[in-house]
Structures are given as structure tokens and as C-alpha cells.
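Heads up, the thing below is written out as C-alpha cells.
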Amino acid sequence: MATAAAASASEPEAEPRAGPKAEGEEDEVKAARTRRKVLSRAVAAATYKTMGPGWEQQEEGVSESDGDEEYAMASSADSSAGDYEWEYDEEEEKNQLEIERLEEQLSINVYDYNCHVDLIRLLRLEGELTKVGGCCYLTELPKLWLEWLHDEISMALDGLDREHVYELFEKAVKDYICPNIWLEYGQYSVGGIGQKGGLEKVRSVFERALSSVGLHMTKGLAIWEAYREFESAIVEAARLEKVHSLFRRQLAIPLYDMEATFAEYEEWSEDPVPESVVQSYNKALQQLEKYKPYEEALLQAEAPRLAEYQAYIDFEMKVGDPARIQLIFERALVENCLVPDLWIRYSQYLDRQLKVKDLVLSVHSRAVRNCPWTVALWSRYLLAMERHGVEHRVISVTFEKALNAGFIQATDYVEIWQAYLDYLRRRVDFKQDSSKELEELRSAFTRALEHLQQEVEERFNESGDPSCVIMQNWARIEARLCNNMQKARELWDSIMTKGNAKYANMWLEYYNLERAHGDTQHCRKALHRAVQCTSDYPEHVCEVLLTMERMEGTLEDWDIAVQKTETRLARVTEQRVKAAEKEAALAQQEEEKAEQRKRVRAEKKALRKKQQPGGGGDKRKAEEGKEWGEDGEEQPSKRRRVENSVAPAGPEPDAGQEKGLPEKPAPVDVGPPSKQKEKAAALRREVPKVLHDSSKDSVTVFVSNLPYSMGEPAAKLRPLFEACGEVVEIRPVFSNRGDFRGYCYVEFKEEQSALKALELDRKNMEGRPMFVSPCVDKSKNPDFKVFRYSTALEKHKLFISGLPFSCTKEELEDICKAHGTVKDLRLVTNRAGKPKGLAYVEYENESQASQAVMKMDGMTVKENVIKVAISNPPQRKVPEKPEARRAPGGPMVPRQIYGARGKGRTQLALLPRALQRPGAAAGQAENGPAPRPAVPTSEAAEAPKMSNADFAKLLLRK
């Protein structure tokens, strides 16, 4: 491709054809050029309003009068020719309305990346390519740059247009170090070789491309080949040495397909390859083997491949080649341009290592345009501009852009104000009593306090600076650098009136400032006020006051200090006693309420026993003539309710629990009367036992939370799970009465099918969310838990609360997709499938999520005011593992382990008290035979378990 371009470029350009047809085409070209210039001027005006004076229109040589004349000429040409229709159909009108809406949204927030992308798509669809140029400047994806460049190339008609395209290429290669853009740039420059200085322009572009992306392991080869083919196409003897040089330079760099390049050089060169070139080639091959694992990892992974790029960057940082480090960062940013941490790491490397002004500032500028919501990038940008001596006016403009970037948290605004105020402070020469810089610093402090109080607090409903850090810094500057203690005291009074007077550390900060730059009188006054106002650590403040009076005060001062501190501490003690009494009274009330509830439950239980037919006395009489357990069989009343079903291998979560919590122990029947037992036995059905083979857990899933009223569960679930693969068997679990218990096992033929079936988790089944989890034996894996959602901070996901229960998923999705691309939306429901008024919305990137937070937080949905925040769930409380404890005078015994629901309200002791008392064994040892040696814990744990009949015999022997 490059060869053909170079060959065609070496030929003179064809002369325009003469004749009527050529004249008609020339008129059309002039009309099109006029329309383009007029549209460009309109776009420039709109862009100036949106982006400010920083954007300069690239068209030159068009005055307003010329534009009016050309516009009139274009209008007359249009009306005479009749080729252009100004009537829009319904679809075009809809697109125009959407374009206007996007432009209006961009006028509010120029950093809305997704609005730019949508606007570009619509403008290209409508054919308004010049408007595309007005909005592409903020969209840094190389794909969009290439599309824009192709559009501009298609409209380039003369030398002026070619220069305009060159300028766009320069902007593109500064925004991204992309091999495709550089290759397109080199090939386009070949087309202008016939112009003055065209040959030098082509070589300059290719040389810069080699410096920029020539080290690219996989795509750098195309740049080298294009450059060599261009030089080979120029048939001059003097150019042969240039081709030799390109071959030698390329073979010294580790690139893919180096062997083919070396063979091509051997074939092309008439002389043998020099030994120095062979040595460089062999060394590059050795380096290639070191880089191959990282390149292959990138080829095998899927975009955006952040983890693979991070590993590659770590490797390059250890090697230490600046050119390669810069290249790998740029390659990573092409696919991860919205990852703030990557920009921070890249800019930090440039700030500390390369320190090249143009490169550093360019990267910082690109970073804040890609991730404007990240305050750390703006702070670093301001520091870099100050470090490299950028003009104060430019830094101030950058700070104003940062204030309008739309940060996610209120504290971010405090951080950016601190960075800017620190910069202004470093500009001031405090040796002078008054200066322009000092006045600017003071006005900036005043503006910062007003901005945080009015705009930030109004937007976030909270103070971003509750401790008044900015005001404290201002007070310190006034006291230490300006020797203006009066102003510092006024500022500290304002700090205390904002709710900070109750904190001891704030008073001690003020006291230390007075000690360093004030006088003893104001120090004493500050401490006296602190003693009266402090509520968190009054003892500490009192101690500081007494220490100061002991060192510097008179006897009268000491007496006053002692009196005030004693009075204050006595009052504090009294308040604490009252608070403790109040707390104790509340605790006592809770205990009384608990006892009352316990008595009510006992009365209800006794009343139910009296209402039972047969009463409890008949049962006691029937059992008097026979000892328990004589027949050696377990009593029917002690039989488990579920005797024909296997305990579920997966969890059956409660209504308030997620899947994966410890399994609930099966309830034990308390033994109904004989008549009830006969009635229950008559109602039992012959239900086959559900046997489970644990060896097939890998091909089995556990399905729970199904409706108990579901008839024929196997038949209804089979079509659903057969979509995931061949189903061998569906085993629903029934009770003794034949009622469906709401869970089952689904066995597949292949393990891949079982993994695919897990995607059906939370699918609605007859009005309830169906839980699908791996089949795991909880007895062998007690710590196994299944929770499919992340519990860490996810900046691209939103948490929405306060939704009306009637809000559907489709309605919420329509609201959310207006602010970005919604990848996933989940309404949180309970086990019965009823909504909780909560939702999680996952966007494509952090930028969309941050925009949605700003636009949706506080929005009214069906008369409900919703709250929207970045998803950051609190850490789950991990239940403590049972620890061993030592009984008094005995060996280590395990602590009590409760079930999944914790400690029950009533704890019935089934063990006789005589066996529970540790002193019983000791008393028997004194008067009876010698005690047996202590049994180790492991042996005690292996003692045989006692049955219910054994316990009954022990009770009867008493």
C-alpha cells in the first residue's frame, strides 16, 4: 500500500479536465467549499461558547464580508441548481432534535465523554462533517481520531485543506501514541510529495513515527516497512544508503517477524550483511524472547487487558528503558483511557524521571480530559504546571476548569482548593508588607470559603470541610507569615462557631498558634474558653491550663484556673453519672420488657397445652409403668420430620439471608399424643427417598427458594435447564406428607452445562427469585459461600435507594440510560420476589457513573425522592470462629456453637444438672475413690454420643 502511494506520489499530478463538464464540476466544488466554510464559522462560534477561547478555528483567510458574499453565492447556486432539498423527513427531524439536545447538554458539561461520542455518530449520519470537527477534540479514542481524519481527507481539495489535515494529524499524534495514526499520517504525507518541501515532510513524519512507535513489538514493523518501501520507490542511487540504514536500524530492535526482515535484507543487499548488523540482530532476538511472554499474554487476553498491561509495565520499569516505558504506558492507555490510576502512575513516572516539559504537560492535559472526575489528576496537573514555569494565567484557567469538572465527593473540592491555594501562597513574597499576590491569595481564600459553603454544601447536603482545614491554613498564614494575629483570631473564632468548639484538639491548635505568635493573655483566654466548651476530652484541656498557670501564672491566675477546672470537671462528672443512670434505666426497661414477653409466651404455651385433647396427665400416667428405652428402640416422637430426604448439599437461605450461610438444623418433633400420631401416620404417603451422590457434585446444581405450591417441579424445571445442556435427572425433595419442600437437585451430563446453569440464578419462577448455586457438601467445606456480586468499591456502579415499590426494571432503565450506557440493572428483592426499593446500576465506565450521580441524586420518581451514590457496600461482618476456652480447673473445651439464626430465645439444657456442675466430680473425688486421670481433649471429643434413651435412664435413676 505504501509502495503504491509512494509510486503515485512521484508522478506529477494530473491536470484538470477541460470542457463544460469540468466547469460544472468546478462550480459544484466551489459551492461545496463555500458551504463548508460557512458551516465552519458557525461551528466555531458554538464551540467558542462551549469551550472558551482555548479552541481556535483552523480555517484562515475568510473574513465576515467574504463569508456573507460566499453564503449568498452558495444560496443562489443551491436555488438555481435545485440539487439540495431542505425538507426533512421524520427520522432526520428526530436526529436534529437529538443533536440539539446533546449540544445543550455539552454546553452544561463539556467533559461529558459519552455525549461527544453520541454527537459524533449523529453528525456523521447526517453528513455534517465539519461539525464533527468541532466536537472531536475532546474524544481521545484513536478510532474516533481516524474516522475524523478520514472525513477531513475526503473533503481536502487543495493545498490549504492539506495543511488543515496536517494540523489535525499533529493533534492526533499528540493525544495518543498510536501506530495506526502514525502510519496513516506517513501515507497521507506521501501524497503531498509533489509540493514544495514534500520529500522532507515525508521523511520528517516517518522519522518521528519511528521515534514514537518504532519500538512497538507487534505494530512497529508496519512503520518500518512503509518507510523502507517509500525510500525504495525513489529511484536514485544516493537513496540506497538510506535504505541500508533503515534495515540496520530496524534489525537492531526486537520486533515480531524479525527473521523475515533479515532474510529480506539479505536478498535485497548485493553485499554480505556486515558482522556488526548480525550481532545487533542476534542481540535483538534475545531481547525478543524476554518480551514474548508479555506480548502473548496481551494477544490471548480480552480487552481492556488492564492486568496484563500492568504486568508488562512492571517489567519495563525494572528494565528501565524510558522509551519503552513510555510506549507501554501509551499502549495501555489506548484501551484503558478511563482508568485514573493508570494516568496517575504514568504522570508520576514522567514527573520524577523524564521531566520533559512538553511531554509531561501533554500527558497531564490528556489525563484530566479523559478522567475529569478524578481530583488527584487535577492536583498533579497544577503542580506540574507550576514546576515547569507555566504562566499564572494558564494555571488559573486550568483551575477554573477543574472546579467545573464535576467531582463525585464534596471533599474533592476541598482538595483542589487546597492545591490551588498552596500554589498561590508560594507566589507571595511575604517580606513585603503588601503585594498583588498577597491580595490575590486572600481573595482566593474568601472565594474558596464561599464556594464550599454555597455551591458544594447545596449540592452534596454536607460540608466538604467540617474541620475547616482551609480556614485553619489561612489563619496560620496570617499569623506566621503576615504577622497579622488579629485576622488569625477572627478566623479561629469563625472556626469555633461552625460546631468545632466542643473538640479539644481544635482549642489546642488555637492555643499552640497563640503560644507561637501571640501573647500569654490570649493563650489564657483561649484555654478558659476551652475548659467551658470542650465536651470530648475536658480533662486534657484542664491539665494544659493548669500546666500553663504553673509555669507562667500568678497566684491569682492559679486560683482562678483551679476553681474553673474543678467546677467544670465536677459538672462533667455529674453529666456522665446522669448519662450512665439513663442508660441503665433504659437497659432495665428493656430487661423488663423481655421478661414480660417471656411471661406472655409462657402463659400462651400453658394455655395451648390445656386446650390439647387428652392433656398432659394421661401421657404421664401411661408412661409411669414403663421405663424409657426398655425396648431398645428410639421413641417415635423423637423421629426426625424429614426421614426420607437427604439434607440439601446447598444452602436453603432464610428470608433475610443470602445464599451460602450455614445450614439450618432440621427441627425435631416434640412428640404429639398417640391419637395425633395415628392421624399423622394415616396422612403420610409413600414417598421415595432422594439419594444424592456427592461424587457428582461437579455436574450438579442446587436449586432453592422455589414456590412450595409448585406442582410437578421436575416437569416445569426441565425445559428451563435443558437450555443449558443435557439434563440427566431432576430430583425434587418432598416432606413425609408428600409436600414439595422448595428445593431440588439438577444433574447434568457435562460440567460445562452445570456452570452455565449458574447463570439462571435469581431468575423469576412463579413470582419468586430462584436461587441456583453449586452443589457443595457443607460438612466438608464449612466455609464455602456463594455471593455473585462484588462487595468492594465499584466506581462504575451506582447504588440507588428510596425507589417506589411499584417502579419496574424497565422504568428505571429508561431513567438511567439517559446518562450513559447501562450494562446491567438489578432491582433488589426479598425471597418472595417483592422489591425493597433498592437497585444497583452498572454503567460502561466511571465517567458515565459520575455523571449519573450528579444528575439523578435527589431526583423524584413517582413522588419518591431517590438517593444515588457510587456503590461501596459496607464490609460484611464475618462470624467469629468458635475458640477454645478453658473450664475452671479443667481442660480446654470448645465454646458453644449456635445455629444459623444465632442463640435462641430459650436454651433448654438436655443434660442433667448434676452432670453440668464441675464441682460434682470434685466432691466425689474427695470422699470416694481417687479421681481418674484427666482425659485429653481429643479423646474426650471422641467419646460415644448418648441417645435419648440413655438420658432418660439417667433421669429415672435420680
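For the single chain, residues carry numbers from 1 onward in sequence order. Quick caveat, the model's predicted, so the values are computed rather than measured.
Comment: Glu170 engages Arg208 in a salt bridge, judged by a side-chain N to carboxylate O separation of less than 4.0 angstrom.
For Ile328 against Glu316, the heavy-atom pair with the smallest separation is CG2-CG, 4.0 Å. Considering all non-hydrogen atoms of both residues, Gly406 and Trp373 come closest at O-CB, 4.0 Å. For Val699 against Glu750, the heavy-atom pair with the smallest separation is CG1-C, 3.9 Å. Here the closest heavy-atom approach between residue Phe748 and residue Cys724 is recorded as CE2-CB, 4.3 Å. The two residues Glu295 and Tyr312 make their nearest non-hydrogen contact at OE2-OH, 2.8 Å. The minimum heavy-atom distance between Leu327 and His216, with the atom names listed, is CD2-N, 3.3 Å.
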For Val363 and Trp343: C-alpha separation, side-chain torsions, deciding distance, then whether side-chain contact (heavy atoms from CB on, under 4.5 Å) applies.
CA-CA 8 Å; Val363 170; Trp343 284 107; 4.1 Å; yes

Before giving the answer on side-chain contact (heavy atoms from CB on, under 4.5 Å), spell out for Gln287 and Ile253 the whole-Å C-alpha distance, their side-chain angles and the decisive distance to 0.1 Å.
CA-CA 9 Å; Gln287 293 178 349; Ile253 298 174; over 6 Å; no

Please walk me through it: do Leu210 and Trp182 pass side-chain contact (heavy atoms from CB on, under 4.5 Å)?
CA-CA 9 Å; Leu210 291 180; Trp182 275 112; over 6 Å; no

Candidate pair Val701 and Leu758, rule side-chain contact (heavy atoms from CB on, under 4.5 Å), full reasoning:
CA-CA 8 Å; Val701 295; Leu758 297 177; 4.0 Å; yes

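For the pair Ile344 and Leu377, the minimum side-chain heavy-atom distance is below 4.5 Å. Between Glu842 and His796, the closest side-chain pair of non-hydrogen atoms falls below 4.5 Å. At least one side-chain heavy atom of Ile223 sits less than 4.5 Å from a side-chain heavy atom of Leu183. Using a 4.5 Å heavy-atom threshold, the side chains of Lys290 and Pro254 count as separate. Taking the side chain as every heavy atom from C-beta outward, Pro322 and Gln326 never approach each other to under 4.5 Å. For the pair Val273 and Phe262, the minimum side-chain heavy-atom distance is below 4.5 Å. With contacts defined as side-chain heavy-atom distances shorter than 4.5 Å, the pair Leu382/Ile416 qualifies. Taking the side chain as every heavy atom from C-beta outward, Ile181 and Glu184 never approach each other to under 4.5 Å.
Taking a 6.0 Å sphere around NZ of Lys219, one finds it holds 12 or fewer heavy atoms contributed by other residues, nucleotides or ligands. With a 6.0 Å radius and a threshold of 12 heavy atoms from other residues, nucleotides or ligands, Glu259 has its CD atom above the threshold. More than 12 heavy atoms of other shown residues, nucleotides or ligands fall within 6.0 angstrom of atom CD in Glu813.
Here the CD1 atom belonging to Ile870 is positioned 10.5 Å from the CD atom belonging to Glu794, to the nearest 0.5 angstrom. Taking OH of Tyr381 as the start and CD1 of Ile395 as the end, the distance is 9.5 Å to the nearest 0.5 Å. Taken to the nearest 0.5 Å, the CG atom of Leu288 stands 7.0 Å off from the CE atom of Met258. Rounded to the nearest 0.5 angstrom, Trp378 CH2 and Phe399 CZ are separated by 11.0 Å. In this structure, the separation between SG on Cys775 and NZ on Lys696 is 12.0 Å, given to the nearest 0.5 Å. To the nearest 0.5 Å, atom CG of residue Leu251 and atom CD of residue Gln279 are 13.5 Å apart.
Put simply, the side chain of Asn370 never gets that close to the backbone of Leu338: no donor and acceptor are under 3.5 Å apart. In this structure, Ser379 contributes its side chain and Val375 its backbone to a donor-acceptor pair below 3.5 Å. Checking side-chain atoms of Tyr843 against main-chain N and O of Cys816 turns up a donor-acceptor pair under 3.5 Å. Side-chain N or O atoms of Trp224 include one that pairs as donor or acceptor with a backbone N or O of Gly214 at under 3.5 Å.
Ring-centre distance between His244 and Trp268: below the 6.0 Å cut-off.
In this structure, the side chain to side chain donor-acceptor pair (under 3.5 Å) partners of Glu335, at least two apart in sequence or on a different chain, are Arg305. Residues satisfying the salt bridge (Lys or Arg N to Asp or Glu O under 4.0 Å) test with Glu289, not counting sequence neighbours, are Lys292.
Side chains of Arg369 and Ser365: a donor-acceptor N/O pair is present below 3.5 angstrom, by distance only.
Listed by first and then second residue, the side chain to side chain donor-acceptor pair (under 3.5 Å) pairs that reach into residues 345-361 are Gln310-Arg345, Asp314-Arg345, Glu330-Tyr346, Asp351-His364, sequence neighbours excluded.
Both cation-pi conditions hold for Arg324 and Tyr291: the charged atom is under 6.0 angstrom from the six-membered ring centre and inside a 45 degree cone around its axis.
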